[in-house]
**Student:** 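Questions regarding the structure given below will be posed in turn.
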Amino acid sequence: SGIEFEAFLKQRIFEPLGMTDTDSVPSDFNIVPGAATLHVPLPAGGYRRGIFPTEEVRGEGAIISTVDDMLRWMAHLRGPKKVGSAASWKQMLTMTKLKNGLVNPYGLGLMKHDYRGVEVVHHAGGVIGGAAQMITVPNHELDIIVISNGALLAPTDVANKIVDTVLGDKVLRAAPKQPESKRFKPMLGTRYHAAGSGLQFGFVDNQGKLGLSILNSQGLPLYEVGANLSLRFEDVAVGPVVVKASALATTGKPPPQLTISESGNPEKFVLLPKKSPSLKQAGKALVGRYRAADLAADATIAFSGKLLLLKVVGALATTVMELDAFSDDAFGWKVTDDLLPLRGALSVERADGKVTGFRVDTSRTRHVRFQRLAD
């Protein structure tokens, strides 16, 4: 029944994830089927309906569905195919092999990989005001759909916890370990930057575990994989990002350089200053007008009071980003709209000491180049 299922979620899922305070779940969060819509918490309290991130429903992920319909789709995935061809399903379930030989667990819209010794097929999704996870353990005919509309939980964590609970340790292998952050205390709060790729990585404490910030994101979980620490592709659809555990400082000072591999491509990263330059000092050289040919958009960087803002104006929208200086050539940014919580990195380009442009990077969009215009 709905009451029994709610009790199961609370005792076996929410509480182990640290969600013991019922106030952390919005009052309109639906555990039993209902007409739930996307919701976004407001800074001053309360909620508003979310958007995706446009008001229109578009084909890049805005599928309106139900748990029951998605379970039917999963059963179809595991069983005889009535929709699609053998070739199309092979494409969806064949993992990608990169030019460097790395096999990526992503097919055509589906991920397939080992989870604690069993094969899983899944794909998560997130929009503004909602998130979901769809995962199946084919050999055990276990299908799980988690859809949330603003609840402070991660559907992927909930779904994995259900797999752990239903199959148990007799079926599953030991879970991979997350390193304790105190083991790498000198690394906490550090940031590393590679001028070539523009990638930025930072080491943070994530509830007592060592986390990795990629391109100014929030901390993401690292796992111990042999002698390495890895940010797994299946967790965030980025990477994998791999660094040798022995390369990280456990005592003393953090190393001035690190070799970090992203998607099988190793690159040298330089430690950014412990004390960042003042925004006024670092941002002064960036102030001006720019053009992004790939976006067909114009941009300006200017101070607004104490804030340094990047304003991008295109044919469809205007976006304003607040910049934060990590060094003279490495910045972080975040969109100023509270309902669009996007973050990324900015790398400055210079010639003969003068700023000629910059590149903007996110986990999904790399090397968007802005060229400086003559004043």
Side-chain angles (χ1 to χ4, degrees), residues 51-56 58 60 128 191-202 213-218 238 260 262-263 265 267-273 275-375:
I51 55 177
F52 165 67
T54 62
E55 299 289 352
E56 305 90 357
R58 295 182 175 179
E60 65 268 37
I128 297 174
R191 294 181 187 271
Y192 287 81
H193 177 245
S197 66
L199 285 171
Q200 291 181 20
F201 293 116
S213 166
I214 174 172
L215 293 166
N216 197 35
S217 70
Q218 294 181 337
V238 174
I260 303 175
E262 194 265 341
S263 298
N265 300 308
E267 189 175 12
K268 286 191 176 181
F269 287 74
V270 176
L271 178 66
L272 294 178
K275 184 178 180 180
S276 300
S278 71
L279 187 61
K280 183 177 181 180
Q281 170 192 335
K284 184 177 179 181
L286 272 67
V287 171
R289 300 185 303 119
Y290 299 84
R291 175 72 178 172
D294 290 339
L295 297 178
D298 294 306
T300 58
I301 294 181
F303 281 96
S304 176
K306 295 183 178 181
L307 301 179
L308 182 62
L309 301 180
L310 166 60
K311 183 178 181 181
V312 181
V313 181
L316 299 178
T318 296
T319 302
V320 180
M321 291 164 273
E322 180 183 338
L323 301 182
D324 190 11
F326 303 142
S327 75
D328 288 336
D329 293 325
F331 288 71
W333 57 262
K334 62 180 179 180
V335 174
T336 57
D337 188 340
D338 291 328
L339 299 179
L340 196 64
L342 301 179
R343 306 173 73 92
L346 183 152
S347 298
V348 179
E349 295 181 337
R350 299 177 188 268
D352 299 325
K354 295 183 178 180
V355 174
T356 58
F358 58 87
R359 287 172 292 153
V360 167
D361 290 273
T362 73
S363 60
R364 301 296 181 89
T365 306
R366 306 288 177 89
H367 292 184
V368 178
R369 178 171 273 104
F370 291 75
Q371 292 183 308
R372 188 162 204 160
L373 301 177
D375 293 328

**Student:** Measure the shortest side-chain to side-chain distance between L199 and D361 over non-hydrogen atoms and say whether it is less than 4.5 angstrom.
**Tutor:**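 They are not in side-chain contact.
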
**Student:** Counting only heavy atoms not in Q371, do more than 12 sit closer than 6.0 Å to its CD atom?
**Tutor:**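 Count not over threshold, so no.
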
**Student:** Locate the shortest heavy-atom distance separating V287 from L308; write the atom from each residue and the value.
**Tutor:** CG2-CD1, 4.4 Å

**Student:** Crowded around Q281 CD? As in, over 12 foreign heavy atoms under 6.0 Å?
**Tutor:** yes

**Student:** Compare all side-chain heavy atoms of K306 with those of L279 and state whether any distance is below 4.5 angstrom.
**Tutor:**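 Side-chain contact under 4.5 Å: no.
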
**Student:** Using atom types as modelled and distance alone, determine if a side-chain donor or acceptor of E267 lies under 3.5 Å from a backbone N or O of S197.
**Tutor:** yes

**Student:** P273 and S327: which non-hydrogen atoms are nearest, and at how many Å?
**Tutor:**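 Minimum heavy-atom contact is CD-CB, 3.9 Å.
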
**Student:** Could you measure the distance from the CH2 atom of W333 to the OG1 atom of T319? Nearest 0.5 Å is fine.
**Tutor:** 8.5 Å

**Student:** Between G198 and S347, what is the shortest heavy-atom contact and its length?
**Tutor:**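 Closest heavy-atom pair between G198 and S347: CA-OG, 3.5 Å.
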
**Student:** To the closest 0.5 Å, what do you measure between CG (D329) and CG (L346)?
**Tutor:**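 Separation between the atoms: 10.0 Å.
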
**Student:** Aromatic rings F370 and F358: how do their planes relate, parallel, tilted or perpendicular, breaks at 30° and 60°?
**Tutor:** parallel

**Student:** With distance as the sole test, does T362 use its side chain to make a donor-acceptor pair with the main-chain N or O of R364 at under 3.5 Å?
**Tutor:**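 Judged by distance alone, yes, a pair lies under 3.5 Å.
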
**Student:** To the closest 0.5 Å, what do you measure between CD1 (I214) and OG (S363)?
**Tutor:**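 I214 CD1 to S363 OG: 6.5 Å, rounded to 0.5 Å.
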
**Student:** Do K354 and R372 have side chains that approach each other closer than 4.5 Å (heavy atoms only, starting at C-beta)?
**Tutor:** no

**Student:** Answer yes or no: is there a side-chain heavy-atom contact under 4.5 Å between F326 and H193?
**Tutor:** no

**Student:** Just verifying a value: how many Å separate D294 CG and H367 NE2, rounded to the nearest 0.5 Å?
**Tutor:** 12.0 Å

**Student:** Can you spot which of V312, I301, T300, L373 makes a side-chain contact (heavy atoms from CB on, under 4.5 Å) with Y290?
**Tutor:**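 When side-chain contact (heavy atoms from CB on, under 4.5 Å) is applied between Y290 and each of V312, I301, T300, L373, only I301 qualifies.
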
**Student:** Of the options T336, D337, L310, which is the one that meets V320 in a side-chain contact (heavy atoms from CB on, under 4.5 Å)?
**Tutor:** T336

**Student:** Restricting to non-hydrogen atoms, name the atom on T356 and the atom on A351 that form the minimum distance, rounded to 0.1 Å.
**Tutor:** CG2-CB, 3.6 Å

**Student:** So how far is it from F331 CZ to M321 CE, rounded to the nearest 0.5 Å?
**Tutor:** 13.5 Å

**Student:** Heavy atoms only: give me the nearest R289-A374 pair and the separation to one decimal.
**Tutor:** NH2-O, 2.7 Å

**Student:** May I ask you to test the D328-V348 pair for a side-chain heavy-atom distance under 4.5 Å?
**Tutor:**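 Answer no - side chains too far apart.
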
**Student:** What's the shortest heavy-atom distance between A325 and P277, and which atoms?
**Tutor:**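 It is CB-O, 4.1 Å.
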
**Student:** Would a 4.5 Å heavy-atom cut-off, applied to side chains only, mark V368 and L295 as touching?
**Tutor:** yes

**Student:** Calculate, to the nearest 0.5 Å, the distance between atoms CD and CZ belonging to E322 and R343 respectively.
**Tutor:** 9.5 Å

